Engineer: 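I am attaching a structure below and will ask some questions about it afterwards.
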Protein chains: 2
Amino acid sequence: VLADGRAVRLGGRTVKDVAGYDLKRLFVGSEGTLGVITEATLRLRPLPPPAATVVATFGEVAAAGRAVVAVMQELRPAALELMDRAAVAAVEQVKPMGLDPGIGALLLGQSDAAGDEVARIGEACEQAGAGYVAVTDDPDEGELLMGARRMAIPCVERLGTVLIEDVGVPIPRIPDLILAVEEVARRRATAIPVIGHAGDGNFHPLVTFDAGDPEATARAEQAFGDVMDAALALGGTITGEHGVGSLKARHLLDQLGPDVVELTRRIKQALDPAGTLNPGKWI
Amino acid sequence: VLADGRAVRLGGRTVKDVAGYDLKRLFVGSEGTLGVITEATLRLRPLPPPAATVVATFGEVAAAGRAVVAVMQELRPAALELMDRAAVAAVEQVKPMGLDPGIGALLLGQSDAAGDEVARIGEACEQAGAGYVAVTDDPDEGELLMGARRMAIPCVERLGTVLIEDVGVPIPRIPDLILAVEEVARRRATAIPVIGHAGDGNFHPLVTFDAGDPEATARAEQAFGDVMDAALALGGTITGEHGVGSLKARHLLDQLGPDVVELTRRIKQALDPAGTLNPGKWI
């Protein structure tokens, strides 16, 4: 629904469509600043074939980052997820699964491609210094392993209040981002367990703090900003998938730069001249 | 480069990025009406694993269309390409490969997924009435078969001047589109061999005519418009992948409707108030 109250439909039911401006994608992710989405039609996809799963452990998280870079140079696995030491420890503390809390990082890969993709992921992990690598074709065993990753956020949330980051960097800069987050955690004296969709270069450093402690809260907020600054310094983004919202609006300007901000303002002005929609947000 | 001469960079090197409006996708496909693209950075992807190939022949092209609908309900093959009788005959006439020019249509599928995807495509084809189905794991044999599809446009171009259509319809409407194109060809007394990326519902009816014959040319131009009208009547698009250009501009208005056209104009006006960029195009 546009600012003047008219309802339009954008996009369509075809798989491909290049007729006219891509207005559907302009509105998706505009977070209510261009219109209100009152109806969305989603495409269903068939279930993919059963996936094979590979798990690898590393002594240091930076080595896991290097393994991700190596894997993504050659392959496109269906999933490639990372948990650092603190994320593994949080899962073990809240819901013990027999993971070794002494490891530096865990990588979990899945493949539904033909051929020996999981074996090749495992080899890349070994070459990057993995301590332990295991592969399974059993879907239930694979789901159990991926379950550890899925439990990480609720488990870390038992340890304190969590500001969930969502930064992304170009694949080759993944090890640099991981080191930068470790440095922020030290400097701000704040726990930042890291999980991430590593194959996308998209990470969720979990800035964890005691919300009852004003000093810890201030340090956590500074750490949250520092992680975004680090991602931007590496050519990355402040948000890979979750959006800008209120919390990241100030950093959006840093990412886009003045010319793209001006372009953004012109589109906002053209579609919502009275500033009715989500007023005060973003720009 | 914007209308005022400023150069901006849109998009970035991360795999995922939802910071700000999706301006990159707004400019891609705007065909020079919002800015001039002077530089593009493309992402390289690793080679996919070797594909297995399936070929199926049908007595009638509509049966091939029904097979595509059945396949896409269950699977997402890497390729699913269609050639109708006239396209097969044109290839055999120009560059004989031993295809039977008497068949009504040919479907070519490829899969690089784990499991038995090509076998399942073959079964769906048999259930839809395929006369002959063959599967090969041999990449060279697969490439030879796919080569027939790739040669179709140059072979048809030997037979006359070709207006290449690029319509798309929702997957379930594929058989209806195929029948509609046959009807247009009859009514306009114009040859329209059909090839298509059938798994996307994206077809290239090849409107073929003698450019030295003014009446044949007029009929071909009418047929070209009729095919777009048929796609729109089926909930489809006038262009799946090639763009609007000059030839389809009039039909763009039919597809978008007055409200989306007005939205399009507002964005054009905001970004190019003096109408400097690709003047007179589209809207």
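All values derive from a computational prediction rather than experimental measurement. Here is how names work: the chains are called A, B, and so on, in the same order as the sequence lines, proteins then strands, and each is numbered from 1.
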Engineer: Tell me, side chain or backbone of A:Leu271 under 4.5 Å from chain B's heavy atoms, or both, or neither?
Structural biologist: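 Both the backbone and the side chain of A:Leu271 come within 4.5 Å of chain B.
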Engineer: Taking atom NZ of B:Lys16 and atom NE2 of A:His242, what is their separation to the nearest 0.5 Å?
Structural biologist: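 The NZ atom of B:Lys16 sits 7.5 Å away from the NE2 atom of A:His242.
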Engineer: Working to the nearest 0.5 angstrom, can you tell me the gap between A:Leu47 CG and B:Arg76 CZ?
Structural biologist: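 Rounded to the nearest 0.5 Å, the CG-CZ separation comes out at 11.0 Å.
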Engineer: What part of B:Ala7 gets closer than 4.5 Å to chain A, counting heavy atoms only: side chain, backbone, both or neither?
Structural biologist: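 B:Ala7 touches chain A through backbone heavy atoms alone.
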Engineer: Do A:Ile267 and B:Leu23 make a side-chain contact, defined as non-hydrogen atoms from C-beta onward lying under 4.5 Å apart?
Structural biologist: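 Of all side-chain heavy-atom pairs linking B:Leu23 with A:Ile267, at least one is under 4.5 Å.
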Engineer: Given the options B:Pro172, B:Gly20, B:Gly12, which has more heavy-atom pairs under 4.5 Å with chain A than any of the others?
Structural biologist: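 Option with the greatest count: B:Gly20.
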Engineer: A:Ala52, A:Pro49, A:Ala113: which one forms the most heavy-atom pairs within less than 4.5 Å of chain B?
Structural biologist: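 So the answer, after comparing A:Ala52, A:Pro49, A:Ala113, is A:Ala113.
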Engineer: By a 4.5 Å heavy-atom criterion (distance strictly below it), what part of B:Val169 contacts chain A: side chain, backbone, both, or neither?
Structural biologist: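 Contact with chain A is through the backbone of B:Val169 alone.
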Engineer: Which atoms of A:Arg266 come close to chain B, meaning under 4.5 Å heavy atom to heavy atom: side chain ones, backbone ones, both, or neither?
Structural biologist: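 It is both, since atoms from each part get that close.
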Engineer: If I measure from the heavy atoms of chain B, does A:Asp17 come under 4.5 Å with its side chain, its backbone, both, or neither?
Structural biologist: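 Both backbone and side chain of A:Asp17 come within 4.5 Å of chain B.
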Engineer: Kindly check if the number of other-residue, nucleotide or ligand heavy atoms within 6.0 Å of CG (B:Asp137) is above 12?
Structural biologist: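 Counting neighbours around CG of B:Asp137, 12 or fewer heavy atoms of other residues, nucleotides or ligands fall under 6.0 Å, so no.
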Engineer: Quick one: which of B:Arg9, B:Glu262, B:Glu31 has the most heavy-atom pairs under 4.5 Å with chain A, could you say?
Structural biologist: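 Top count of heavy-atom pairs under 4.5 Å with chain A: B:Glu262.
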Engineer: With rounding to the nearest 0.5 Å, note down the distance linking OG1 in B:Thr14 to CG in A:Asn202.
Structural biologist: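 The CG atom of A:Asn202 is 8.5 Å from OG1 of B:Thr14, to the nearest 0.5 Å.
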Engineer: What is the distance from atom CD of B:Glu117 to atom CG of A:Asp112, rounded to the nearest 0.5 Å?
Structural biologist: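 Atom-to-atom, B:Glu117:CD and A:Asp112:CG are 9.5 Å apart.
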Engineer: Report which part of A:Ala231 has an atom under 4.5 Å of a heavy atom belonging to chain B: side chain, backbone, both, or neither.
Structural biologist: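 Neither part, no heavy atoms under 4.5 Å.
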Engineer: What part of A:Gln269 gets within 4.5 angstrom of chain B, counting heavy atoms only: side chain, backbone, both, or neither?
Structural biologist: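 For A:Gln269, neither part sits under 4.5 Å from chain B.
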Engineer: Taking every heavy-atom pair that is under 4.5 Å apart, which of A:Asp166, A:Val15, A:Asp200, A:Thr33 has the most such pairs with chain B?
Structural biologist: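 Looking at each of A:Asp166, A:Val15, A:Asp200, A:Thr33 in turn, A:Asp200 comes out on top.
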Engineer: Less than 4.5 Å to any heavy atom of chain B: does that hold for the side chain of A:Asp4, its backbone, both, or neither?
Structural biologist: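 For A:Asp4, the side chain is the part near chain B, not the backbone.
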Engineer: Using heavy-atom distances under 4.5 Å, tell me whether A:Gln255 contacts chain B through its side chain, its backbone, both, or neither.
Structural biologist: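 Side chain only.
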Engineer: Using non-hydrogen atoms and a 4.5 Å limit, figure out which bit of B:Arg173 sits close to chain A: side chain, backbone, both or neither.
Structural biologist: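 Neither; nothing under 4.5 Å.
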Engineer: Taking A:Arg25 for the side chain and B:Arg25 for the main chain, is one N or O donor matched with an acceptor at less than 3.5 Å?
Structural biologist: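 Side chain of A:Arg25 to backbone of B:Arg25: no pair is present.
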Engineer: First locate atom CG of B:Leu2, then atom CG of A:Asp259, and finally report the distance between them rounded to the nearest 0.5 Å.
Structural biologist: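 Nearest 0.5 Å value for the CG-CG distance: 7.5 Å.
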Engineer: Could you check A:Tyr21 against B:Leu263 for side-chain contact (heavy atoms from CB on, under 4.5 Å), going step by step and ending with a plain yes or no?
Structural biologist: CA-CA 10 Å; A:Tyr21 298 152; B:Leu263 201 54; over 6 Å; no
Engineer: Side chain, backbone, both or neither: which part of A:Leu10 has a non-hydrogen atom closer than 4.5 Å to chain B?
Structural biologist: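 The side chain, not the backbone.
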Engineer: Just wondering, more than 12 heavy atoms not from B:Arg250 lying within 6.0 Å of its CZ?
Structural biologist: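 It does not: B:Arg250 CZ has 12 such atoms or fewer within range.
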Engineer: How long is the straight-line distance from CG of A:Asp22 back to CG of B:Asp22, given to the nearest 0.5 Å?
Structural biologist: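 Reported to 0.5 Å precision, the distance equals 7.0 Å.
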Engineer: Among A:Asp116, A:Leu34, A:Ile238, A:Leu75, which has the most heavy-atom pairs under 4.5 Å with chain B?
Structural biologist: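 Sorted descending by pairs with chain B, the first entry is A:Leu34.
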